[in-house]
Amino acid sequence: DDGFATTGGTCDTSGYCLGGTRVTLPAGWSFSGGKWKVTGSSAASGVFYSETGVDISGSPGTDASPWQATIISREKINVSGSPRVKPYGSTSEELKNHLFVAGDDLNIDGNVRADYAGGAVLVKKKFEIKGDTSINGFIIGRDDGDLMGNAKITYSCDFGCSGPGCPAGTTIATVSW
């Protein structure tokens, strides 16, 4: 972790990249143990893409000013701690209103609040959401998912999700619970 990240180019699972442009590491982010991490009480807002896993164990954002982030990982996303987060206000239709997009599993455990604005949570494999988590939006996962503890998902599809993970012209409905 030298204070820089690479944008563009090709990166491997160790975080080493070829090509692209070196940019200043986003505030509040670090890379160690083969994963991108947010461990503190603040982090830069934006759309974040990783070829490796992502661990958010800190508590960025407050009830009055939630952290605005869209987290996209080709691998697993783990969220714990007490983050207050809402989808980043991207102008890109493909990324609009996406909160978490995991190419593997999504695990959320802690006192996570993501109920400030509707957000799509898209998971290629399994999701597990527990603790005192509250999410406004919907979750689409290929494999089984578990809600445990006091986890609460308030279904909402009225926020204009139009990206590739959001079915166009389709009404999303709960088919099992």
Side-chain angles (χ1 to χ4, degrees), residues 26 28-29 35-36 38 43-63 65-177:
W29 286 86
K35 295 180 182 182
W36 283 99
V38 173
S45 292
V47 176
F48 302 97
Y49 172 80
S50 174
E51 290 283 328
T52 66
V54 174
D55 285 347
I56 301 166
S57 60
S59 300
T62 64
D63 287 335
S65 181
W67 178 36
Q68 295 184 43
T70 294
I71 309 297
I72 304 167
S73 172
R74 288 185 56 112
E75 292 186 10
K76 183 183 284 189
I77 298 174
N78 293 306
V79 184
S80 61
S82 297
R84 303 300 190 244
V85 61
K86 70 178 186 178
Y88 181 72
S90 176
T91 57
S92 165
E93 283 299 316
E94 289 80 16
L95 297 173
K96 197 176 207 176
N97 299 314
H98 285 65
L99 185 59
F100 299 116
V101 180
D104 198 307
D105 295 342
L106 170 71
N107 296 308
I108 299 177
D109 185 8
N111 184 17
V112 179
R113 281 208 48 211
D115 56 1
Y116 304 96
V121 176
L122 309 171
V123 185
K124 183 174 182 182
K125 294 187 178 177
K126 180 180 171 107
F127 64 87
E128 183 176 278
I129 301 173
K130 57 186 176 180
D132 288 321
T133 296
S134 180
I135 296 174
N136 182 25
F138 63 87
I139 301 171
I140 297 176
R142 183 182 78 184
D143 295 341
D144 291 338
D146 292 316
L147 292 178
M148 297 178 267
N150 294 320
K152 176 182 162 187
I153 309 299
T154 302
Y155 173 75
S156 173
C157 193
D158 62 353
F159 50 84
C161 182
S162 59
C166 302
T170 303
T171 301
I172 298 173
T174 303
V175 293
S176 68
W177 194 252

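This chain uses plain numbering: 1 for the first residue, then up along the sequence. Please read all numbers here as calculations on a predicted model, not as lab measurements.
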A.B. asks: Checking Phe48 now: which residues fulfil ring pair (Phe, Tyr, Trp, His ring centres under 6.0 Å) with it, not counting sequence neighbours?
C.D. replies: Trp29
A.B. asks: Closer than 3.5 angstrom, by distance alone: can the side chain of Thr133 be matched with the main-chain N or O of Lys130 as a donor-acceptor pair?
C.D. replies: yes
A.B. asks: Between Gln68 and Tyr88, what is the shortest heavy-atom contact and its length?
C.D. replies: O-CD1, 3.6 Å
A.B. asks: Do the side chains of Leu95 and Ile72 get nearer than 4.5 Å, heavy atoms only?
C.D. replies: yes
A.B. asks: How far does CG of Leu147 sit from CZ of Phe127, to the nearest 0.5 angstrom?
C.D. replies: 6.0 Å
A.B. asks: Are any of the side-chain heavy atoms of Asp63 and Tyr116 separated by less than 4.5 Å?
C.D. replies: yes
A.B. asks: How many angstroms lie between NE2 in His98 and CG in Leu122, if you round to the nearest 0.5 Å?
C.D. replies: 5.0 Å
A.B. asks: Identify the two heavy atoms, one from Pro87 and one from Ala117, that lie closest to each other, and give their separation to 0.1 Å.
C.D. replies: CD-O, 4.1 Å
A.B. asks: Assess whether a salt bridge exists between Asp105 and Lys125, defined as any Lys/Arg side-chain N lying under 4.0 Å from an Asp/Glu carboxylate O.
C.D. replies: no
A.B. asks: Which atom names give the shortest non-hydrogen contact between Asp115 and Ser134, and what distance separates them?
C.D. replies: OD2-OG, 2.8 Å
A.B. asks: Which residues satisfy the salt bridge (charged side-chain N to carboxylate O under 4.0 Å, His left out) test with Asp146, sequence neighbours excluded?
C.D. replies: Lys126
A.B. asks: For Lys35 versus Asp55, what's the shortest heavy-atom pair and its separation?
C.D. replies: CD-OD2, 3.3 Å
A.B. asks: List in chain and number order the residues that pass side-chain contact (heavy atoms from CB on, under 4.5 Å) with Ser59, two or more places apart in sequence or in another chain; answer none if no residue qualifies.
C.D. replies: Ser82
A.B. asks: Just checking, any donor-acceptor pair under 3.5 angstrom between side chains of Asp132 and Asn111?
C.D. replies: no
A.B. asks: Is a side-chain donor or acceptor of Thr70 paired with a backbone partner of Leu99 at a separation under 3.5 angstrom?
C.D. replies: no
